[in-house]
Amino acid sequence: MIKMEKVSFRYENGERGVFDIDLTINQGECVVLTGISGSGKTTVLRLINGLTPQYYAGALSGEIKIEGKDSKEIPFWERGKYIGSIFQEPQSQFFSSELAGEIAFGCENYGFSRKEIIFRTEKAIRHFGLGALRESSLDVLSGGEKQRIAIASVYAMTPKIYVCDEPTANLDEESAKKLSLTFKKLKEAGHTLVIAEHRLSWLQDIADRYIYIKDGKIEWDYNQNQLKALKAEELVSYGLKSFCCVEANKLPMAQAQGSPLLEARNISFQKKPKSILKGISFSASGGQVVAITGNNGAGKTTLATILSGLRKETSGELYIGGKKCSIKERRKKIWYSANDTGTQFFTENVYEELFLHRKDSVHQREVAQEILKKLRLYELKDAHPFTLSGGEKQRLSIACGLISDREILIFDEPTSGLDGYNEKIISEAFRMAARKGKVILIITHDNELIRGCCSHSFQLSS
């Protein structure tokens, strides 16, 4: 089905890439690519679906065969007929502003009949339980909801091969379980699945093999039993997350101890005809790390954008340091790192990004260097933000928040796209910021992160 022989690829104007990749994936197999962020997993996926070097330029050598054909002989437009791609940032593959149009787009692009397009679109909407989102604009949906739509749009075209980059990065536990069942059915139907993933627990009933990539090279290829036999310390040394579902600690509800630094009073938000938030109240003191949890679509990101002054509440009030805070004042006092890292970088390199909203000084440069080293980004300080891997972009977004002078920091799904090794580094960085008196709010579905750094929690219900 897929065969790579002595494949190497180096991105244009850079040293990053993959080297001497020998990999065979048989029809109907589910193969998981894993390894720390930036190791080359996404590059392997791009080599399979043809985005590299067609879209991401660079030097390619070796041979890649798809269904027995040399990939160089397969027109780029034709490859999409039998290889469906699901990206780490789902909105980057959207072409429509509404649900049915997005799911139908691929089918329309390949000239299916109107009757066939309607049948496939409706089947995908039913299969993924997306009917309630039919009237919603895609740009107001949660990250998890967008991910489900991206997967449904590929499902509608019934490709033979599914190539997925961190498909559960923004999904809650229940949605990840549903996706697991969907992929299991696809595998049973003979489809080939190639999945780059750090979150391994949902794959244990699906995956046939796990390919560990380090520094652009395949280090090992284990089957299900071999991976399960790894000891806990070995998983840690490889930067892998737990192979089993992890339960979050039962934490006290977010409530200030003494005078609150942050206090939300009866925050509500309505976007007709839907009421997204109803009477949300909580408080937090400096030094607290608060996990904001809830299912996809519960309103977590909406709450974050209201708190940070990017959106106005329908009703309610926000207090910072005991004083009622306007929208304008919130933007100055609260830092928000969005889940969509592709939309928040504006400079030519990683180092400049940290100083976009700050005055440059000898002291601040020392602080910036310390943060970059702590988050394993110092070697990339001169790289353009858009050349970074998904996990590296995530860490850069966190670094920008940590170096800011804001007392309240909000991070939206900060570990989506991060391996276990870097997750521990991020957990320690959050704890350190809290020890300096900051309030840290973390929107997350990641129970391992909650166990690693959170002191309090606040759950939103749908």
Side-chain angles (χ1 to χ4, degrees), residues 49 51 76-172 174-186 189 191 193 269-276 294-302 305 311 338-340 342-343 462:
N49 65 19
L51 286 177
F76 190 47
W77 64 267
E78 186 179 338
R79 197 179 302 203
K81 283 186 176 181
Y82 47 86
I83 300 179
S85 299
I86 299 161
F87 305 141
Q88 186 172 335
E89 297 175 352
Q91 62 276 5
S92 67
Q93 67 189 91
F94 287 169
F95 293 90
S96 175
S97 61
E98 50 91 23
L99 175 67
E102 180 57 39
I103 294 177
F105 180 82
C107 301
E108 292 172 338
N109 211 30
Y110 282 113
F112 295 161
S113 69
R114 184 175 184 275
K115 182 178 180 181
E116 183 69 13
I117 291 170
I118 293 173
F119 172 78
R120 289 177 179 234
T121 299
E122 294 302 318
K123 180 181 178 182
I125 289 174
R126 289 194 306 271
H127 191 87
F128 287 90
L130 298 169
L133 305 178
R134 192 183 289 271
E135 304 302 322
S136 301
S137 175
L138 300 190
D139 61 354
V140 302
L141 300 180
S142 71
E145 290 167 334
K146 290 177 181 177
Q147 188 66 285
R148 286 162 55 205
I149 291 169
I151 296 168
S153 67
V154 170
Y155 175 82
M157 292 189 290
T158 62
K160 293 182 179 180
I161 302 169
Y162 284 74
V163 171
C164 311
D165 197 353
E166 299 282 351
T168 65
N170 301 312
L171 299 186
D172 57 52
E174 188 61 33
S175 296
K177 290 176 183 176
K178 290 179 180 178
L179 182 61
S180 176
L181 292 174
T182 295
F183 278 6
K184 189 173 183 179
K185 290 179 182 177
L186 290 173
H191 294 278
L193 310 175
F269 181 77
Q270 184 170 2
K271 191 173 181 66
K272 293 184 178 180
K274 186 179 180 182
S275 181
I276 299 175
N295 293 335
N296 293 130
K300 301 183 297 297
T301 295
T302 298
T305 55
R311 182 175 282 163
N339 185 24
D340 178 11
T343 62
S462 302

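All residue numbers refer to positions in the sequence shown, counting from 1. What you see below is based on every heavy atom in this structure, not just the backbone, and it leaves out hydrogens, waters and symmetry mates. What you see is a predicted model, and the numbers here were worked out from it, not measured in a lab.
- The line from OG of S96 to CD of E108 is 8.5 Å long, rounded to the nearest 0.5 Å.
- Using modelled atom types, no side-chain atom of S180 and backbone atom of A176 make a donor-acceptor pair closer than 3.5 Å.
- Y155 and H127 have parallel rings, their planes meeting at less than 30° on a 0 to 90° scale where 60° marks the start of perpendicular.
- From I149, atom CD1 reaches atom CG of L141 across 5.0 Å, with rounding to the nearest 0.5 Å.
- In terms of heavy atoms, K146 sits closest to D139 at NZ-O, 4.2 Å.
- A 4.5 Å side-chain heavy-atom check between L130 and I103 finds at least one atom pair inside the cut-off.
- Taking OG1 of T158 as the start and NZ of K123 as the end, the distance is 8.0 Å to the nearest 0.5 Å.
- Using a 4.0 Å cut-off between charged side-chain N and carboxylate O, R134 and E122 make a salt bridge.
- Taking CD1 of I118 as the reference point, atom SG of C107 lies at 11.0 Å (rounded to 0.5 Å).
- Residues F87 and C164 are not in side-chain contact: their nearest non-hydrogen atoms beyond the backbone lie 4.5 Å or more apart.
- Judged by distance alone, the side chain of H191 and the main-chain N or O of Y162 form no donor-acceptor pair under 3.5 Å.
- Contact between A152 and A124 at its shortest, heavy atoms only, is O-CB, 3.7 Å.
- Around atom CD of E135, no more than 12 heavy atoms belonging to other residues, nucleotides or ligands sit under 6.0 Å away.
- To the nearest 0.5 Å, atom CG of residue N49 and atom CD1 of residue I86 are 11.0 Å apart.
- Once rounded to the nearest 0.5 Å, the distance linking CG of N295 with CG of L171 reads 11.0 Å.
- Closest non-hydrogen pair, Y82 versus E78, comes out as CE2-O, 3.8 Å.
- Aromatic ring orientation, F95 versus F105: parallel (interplanar angle below 30°, classes split at 30° and 60°).
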Next on the checklist: For a side chain to side chain contact (heavy atoms under 4.5 Å, CB included) check, start with the C-alpha distance between F269 and S275, then their side-chain angles and the critical distance, and finish with the verdict.
Outcome noted: CA-CA 6 Å; F269 181 77; S275 181; over 6 Å; no
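- Counting non-hydrogen atoms of other residues, nucleotides and ligands closer than 6.0 Å to OH of Y110 gives a total above 12.
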Next on the checklist: Checking T301 against N339 for the side chain to side chain contact (heavy atoms under 4.5 Å, CB included) test, could you report, in this order, the C-alpha distance in whole Å, the side-chain angles of both residues, the deciding distance, and whether it holds?
Outcome noted: CA-CA 9 Å; T301 295; N339 185 24; 5.7 Å; no
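- E166 contributes no side-chain N or O that, together with a main-chain N or O of A169, makes up a donor-acceptor pair within less than 3.5 Å.
- In plain terms, the two heavy atoms of Q93 and V154 that are nearest each other are NE2-CG2, 4.2 Å.
- Under a 4.0 Å N-O distance rule, the pair E116/R120 qualifies as a salt bridge.
- The minimum heavy-atom distance linking I83 with V163 is given by the pair CG2-CG2, 3.7 Å.
- The shortest non-hydrogen separation linking L138 to E102 is CD1-CB, 3.9 Å.
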